[in-house]
There are 2 protein chains.
Amino acid sequence: MKLIHQLSKETGIPIPTLRFYEKSGLISGRRKTDVNTNNYQFYDQEAIDKLNFIQMAKAVGFTLNEIKEVVDLWYKKEITQKAQFEVLDKRLLQIDEKIAELNAMKKQIMLCKENIKNRNL
Amino acid sequence: MKLIHQLSKETGIPIPTLRFYEKSGLISGRRKTDVNTNNYQFYDQEAIDKLNFIQMAKAVGFTLNEIKEVVDLWYKKEITQKAQFEVLDKRLLQIDEKIAELNAMKKQIMLCKENIKNRNL
DNA sequence: TTGAACTATGAAGTATACTGTATACTTGTG
DNA sequence: CACAAGTATACAGTATACTTCATAGTTCAA
């Protein structure tokens, strides 16, 4: 159970960004029920898992909305299995598309390097 | 040699976006020297190659600035070979990082599918 | 018990990447 | 030769994803 400062340190994500993610519904903390002098939110491993996923997904061009659809159903059961699989399979397809695009880019950049090498002989 | 309308049709990129890319220095057309009644810009295969690369790179989360650094040196020689390789090798590294992240996401999503399957037995 | 550090909230501001609107000129077809 | 369609330019507006600012309350170590 970590406070936001600790969560920020462990994930490398700035506190304002974490608050923004919380407001956007990507992560959520909860209050300690036995404390009522403050409104401090505590975060657990689930939040860290989600944030790691968010960082990866953002790095490869997924939007926060696309990411939200996935992390939303990680710990939820109120959705039919079919609906859950639909979202996940769609993302798996997108991932394969992105890998294909990255390989194409790689090829093109290596070709570019070849061209430069040859032209400077 | 295509006008912007044709370029848009062939790449699927809307005309205002193409103009935005041109203003941002990502692509460039040129006027027909023998015509001086208008300022119509014409685009060749180079523009299409660049736009295809831009579309791929954007889809995997590269910024326009990162993309510009690459396409800028495709047809330029005013930069030292070392500087060119620096940019290209940096991008190749980023590409491998992104592929690794995509594989990690894939693993996690497939694990998530397993969990859903088991819990709904 | 005081002050530095931490937390919460709301609202405004910023960067990136478009997207739309207005205006005006050019071209090709019937 | 009218006029629909295409082109250019400038500028305002929008969406996404933060980032900063202002304010105010809380906790904890010295």
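Treat the numbers as computed from the prediction; the structure is a model and nothing was measured. Numbered from 1 within each chain, the chains take letters A, B, ... in sequence-line order. Atom set for the values below is all heavy atoms of this structure, side chains included, hydrogens, waters and symmetry mates excluded.
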For the side chain of His5(B), counting heavy atoms from C-beta on, which of dA17(D), dA8(C), dT7(D) is nearest?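 Comparing dA17(D), dA8(C), dT7(D) against the side chain of His5(B), the answer is dT7(D).
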
Side chain of Leu64(A) - closest among dA8(C), dT27(C), dA17(D):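 The listed nucleotide nearest to Leu64(A)'s side chain is dA17(D).
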
I want to check a possible cation-pi pair here: Lys32(B) against Phe42(B), using under 6.0 Å from ring centre and within 45° of the ring axis as the test.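 So Lys32(B) does make the cation-pi contact.
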
Is Asn39(B) close enough to dT7(D) that one of its side-chain N or O atoms is under 4.0 Å from OP1 or OP2 there?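 Indeed not, no polar side-chain atom of Asn39(B) lies that close.
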
Go through the side-chain N and O atoms of Tyr43(A) and Glu10(A) and say whether any donor and acceptor fall under 3.5 Å apart.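 The criterion, which ignores hydrogens and geometry beyond distance, is not satisfied for Glu10(A) and Tyr43(A).
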
Just checking, any donor-acceptor pair under 3.5 angstrom between side chains of Glu69(B) and Asn65(B)?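 Short answer, no.
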
Between [X] ([atom1]) and [N] ([atom2]), how many Å, whole number?
{"X": "Leu51(A)", "N": "dC18(D)", "atom1": "CG", "atom2": "P", "result": "11 Å"}
{"X": "Ile67(B)", "N": "dA17(C)", "atom1": "CD1", "atom2": "C1'", "result": "11 Å"}
{"X": "Lys58(A)", "N": "dC18(D)", "atom1": "NZ", "atom2": "C1'", "result": "8 Å"}
{"X": "Glu66(B)", "N": "dT16(C)", "atom1": "CD", "atom2": "P", "result": "11 Å"}
{"X": "Phe62(B)", "N": "dT16(C)", "atom1": "CZ", "atom2": "P", "result": "17 Å"}
{"X": "Gln41(B)", "N": "dT26(C)", "atom1": "CD", "atom2": "C1'", "result": "14 Å"}
{"X": "Tyr40(A)", "N": "dT26(D)", "atom1": "OH", "atom2": "P", "result": "8 Å"}
{"X": "Leu3(A)", "N": "dA5(C)", "atom1": "CG", "atom2": "C1'", "result": "12 Å"}

Can Glu114(A) and Lys117(A) be said to form a salt bridge (Lys or Arg N to Asp or Glu O under 4.0 Å), step by step? CA-CA 5 Å; Glu114(A) 278 308 307; Lys117(A) 225 179 277 174; 3.7 Å; yes

Val71(B) vs Asp49(B) side-chain heavy atoms within contact, under 4.5 Å: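 Not in contact.
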
Hey, which of Lys90(A), Arg91(A), Glu97(A), Lys98(A) is the one that makes side-chain hydrogen bond (donor to acceptor under 3.5 Å, both in side chains) with Gln94(A)?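 Of the listed options, the one satisfying the test is Arg91(A).
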
For the atom pair NZ (Lys68(A)) and CD1 (Ile54(A)), what is the distance rounded to the nearest 0.5 Å?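 Lys68(A) NZ to Ile54(A) CD1: 10.0 Å, rounded to 0.5 Å.
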
For DNA chain D, determine which residues of residues 13-38 of chain B have any heavy atom closer than 4.0 angstrom to one of its atoms, and list them numerically.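 Close to the strand are Arg19(B).
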
